[in-house]
Amino acid sequence: MLFEIIILVLTTIVGYYLYAYKRIHTHFEQRGVKFIPGVPLFGNVLGLTFLKKHFFDELDDVYNAFPNERYVGFLEFTLPVILVRDPELIKTIVVKDFDHFTDHREILSEELDPLFAGSLLLMKGEKWHDMRTTLSPAFTSSKMKYILPLMSDITNNIVEYLYEQQGQDIDVDDLMRRYTTDVIASAAFGLQVNSLKDRDNQFHKMGNELFDLTIRQRLLFILVTQFPQFGKKLGIRIFSDRAYDFFSNIVATSMEYRKREKIERPDMKYIQLLIEAKREWTPEEITSQAFIFFFAGFETSASALVMAIHELALNPAIQDKLYQECRKYKEHRVLAFENLTEMKYLDAVINGILRKWSPAIILDRTCTKAYELPPPRPDPRREVKPGDILYNSVNSIHMDPKYWADPHKFDPDRFLEENKVKIKPFTFTPFGGGPRACIGVRYAMMMLKVLLFNIILNLKIIKTSKTSEIIKLKPHNFNIRAVNGTFVRFEKRILE
């Protein structure tokens, strides 16, 4: 019986591959799109599948294989994707002709994984527009000004902790994720969390659970994204019931507490906006937005901060230049809201990190209305049909020497006022572009600036024997982390 099952499975896989091979190769060949055939079943992501390469590296290999093409074919297992290389074309897709590409790719089914699939990130059409309109007031400058003191209080906890740990090698990956945990808990949910003292708090544990997928979860993720109908029939879910229950309880408890105690806090009132919206959102939809706020902010902001600390440890001259700017605003040892736009070098340092180590990797779009791409070279235009997937390159363009001299060099000066005019539009898109650009860009930038300001003002970042001199990405789908982690020491400054 077991032998018969094995034969059936193998026959099904081979049969499907023969069908898929013909379908995906024909998909590109008929359109005159160049592509690398890849490995049967795995396409261009064999290394990623077995955690030998990062997703960015797999994309970059295909991106660099055809330097004269506007776009090329990328095989994500058996899914054919158009990988767009040309910044001008990316601009056209995400801005000018946005009405043809309004949606992100449907990664998971809303029926099975409502937390992720029901969020703003994956909402479609008018429903997405209504939700975006509902949540936009949470990210205005006035709201950012109110939550700045909350962020400053949490950064003070970080600085005090590092004072106590002088002379010790610090695991920066862990530290930065504790920082983003506390900021999100406070700013979005109105909860006081100190992950440095309560090291096993549920917020922090949930963040690690969401981003450190088990082998089983990885396999299920591949299955449901490549064979969605099959996944639906089997009722496969990626995120656990525990995760759904956690966010449902947080939302319900937060709203009940606010209402009962009549609490007014200077935060974004993210959940409150959903409750008070003109359109009635279901409890499940509200929970999904709370989830995606945590999901988007926990890892991406933390990884940017980790890479910033790592690069500053390797580049003491840049660190010293940043310190000299921070000293000008040291009167109260906190960064006033009005100073956020004045600190040009701090802004340049962060942009330098987001260019070299952008958490974005790609800007995916799904064609929602028939569209003709310009030719990949001087040939007829190519039709893109509804349902076709496009990946607009982010990191590969960020690291393309055609647009960035010495791209592997961390050089904040590229982003100083006098040099910004030299940057070609849409060659720097860490937060996306067009109507579906990241809604939380102000929040994310402020989270990065406040912590870096306070760390650099009060502490020197010192590289140690455990600090990798050359940063290489740890193989992963999306997380931006150094292969051997990021370990540095912090030394208290003597303020003048």
Side-chain angles (χ1 to χ4, degrees), residues 55 104-110 112-124 128 131-132 134-135 138-139 173 176-191 193 195 201-214 217-218 220-221 224-225 237-251 254 268 270-271 273-274 281 283-306 358-364 430-432 436-444 447-448 476-481:
F55 186 40
H104 285 304
R105 172 186 170 187
E106 183 177 317
I107 302 174
L108 300 173
S109 162
E110 189 170 352
L112 300 176
D113 265 298
L115 271 180
F116 193 75
S119 68
L120 177 67
L121 181 67
L122 295 184
M123 279 184 171
K124 300 177 180 179
W128 161 78
M131 181 61 79
R132 175 101 181 188
T134 298
L135 293 177
F139 299 96
D173 280 297
M176 293 302 105
R177 282 162 183 81
R178 292 184 185 280
Y179 168 67
T180 56
T181 293
D182 294 358
V183 170
I184 294 169
S186 178
F189 301 100
L191 300 174
V193 176
S195 297
N201 71 80
Q202 289 301 307
F203 263 98
H204 187 65
K205 288 173 66 175
M206 185 55 61
N208 288 328
E209 178 180 320
L210 293 175
F211 285 95
D212 294 329
L213 298 182
T214 64
Q217 286 176 307
R218 284 177 50 78
L220 290 178
F221 183 78
V224 299
T225 54
R237 298 180 68 170
I238 304 301
F239 298 111
S240 65
D241 291 338
R242 183 171 57 256
Y244 185 80
D245 292 342
F246 174 79
F247 286 99
S248 296
N249 292 335
I250 286 292
V251 169
S254 177
M268 293 186 292
Y270 186 78
I271 301 171
L273 287 169
L274 294 164
W281 299 105
E284 291 76 18
E285 288 168 333
I286 294 173
T287 298
S288 292
Q289 308 327 306
F291 167 80
I292 203 62
F293 185 90
F294 181 85
F295 187 88
F298 176 84
E299 180 65 25
T300 56
S301 297
S303 63
L305 286 165
V306 171
S358 175
I361 304 178
I362 55 167
L363 306 176
D364 71 288
F431 294 101
R436 289 204 81 139
C438 176
I439 192 174
V441 58
R442 285 195 186 99
Y443 167 84
M447 188 190 296
L448 304 183
H476 200 280
N477 292 58
F478 297 105
N479 294 359
I480 302 294
R481 301 185 187 182

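Quantities reported herein were computed from a predicted structural model and do not represent experimental measurements. Note: hydrogens, waters and symmetry copies are ignored here, and every other heavy atom, side chains too, is used. The first residue of the sequence shown is numbered 1, and numbering continues consecutively from there.
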Heavy-atom side-chain proximity of [X] to [Y] below 4.5 angstrom:
X      : Y      : value
Phe478 : Phe211 : no
Phe221 : Ile107 : yes
Ser303 : Asn479 : no
Ile250 : Leu191 : yes
Arg132 : Ile439 : yes
Leu135 : Phe293 : no
Phe246 : Phe203 : yes
Gln289 : Phe247 : no

Once rounded to the nearest 0.5 Å, what's the spacing between atom [atom1] of [X] and atom [atom2] of [Y]?
X      : Y      : atom1 : atom2 : answer
Phe55  : Ile480 : CZ    : CD1   : 11.0 Å
Leu210 : Phe116 : CG    : CZ    : 10.0 Å
Arg178 : Asn201 : CZ    : CG    : 7.5 Å

Between the main-chain N or O of [Y] and the side-chain N or O of [X], is there a donor-acceptor pair closer than 3.5 Å?
X      : Y      : value
Asp113 : Ser109 : no
Asp364 : His104 : no
Ser288 : Pro114 : yes

Checklist line | Partners meeting side chain to side chain donor-acceptor pair (under 3.5 Å) with Arg177 (sequence neighbours left out) | finding: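 Only Asp173, Glu299 meet the side chain to side chain donor-acceptor pair (under 3.5 Å) criterion with Arg177.
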Notebook entry, point to check: Looking only at heavy atoms, which two atoms of Pro430 and Ala360 are closest? And how far apart?
Noted result: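 Scanning both residues, the minimum pair turns out to be O-CB, 3.6 Å.
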Next item on the list: Determine, step by step, whether Trp128 and Arg436 satisfy the side chain to side chain contact (heavy atoms under 4.5 Å, CB included) criterion, reporting the C-alpha distance in whole Å, the side-chain angles of both residues, the deciding distance to 0.1 Å, and the verdict.
Entry: CA-CA 9 Å; Trp128 161 78; Arg436 289 204 81 139; 3.1 Å; yes
Check: Quick one: do Lys205 and Asp212 make a salt bridge, cutoff under 4.0 Å?
Finding: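 Between Asp212 and Lys205 there is no salt bridge, as every charged N stays at least 4.0 Å from the carboxylate O atoms.
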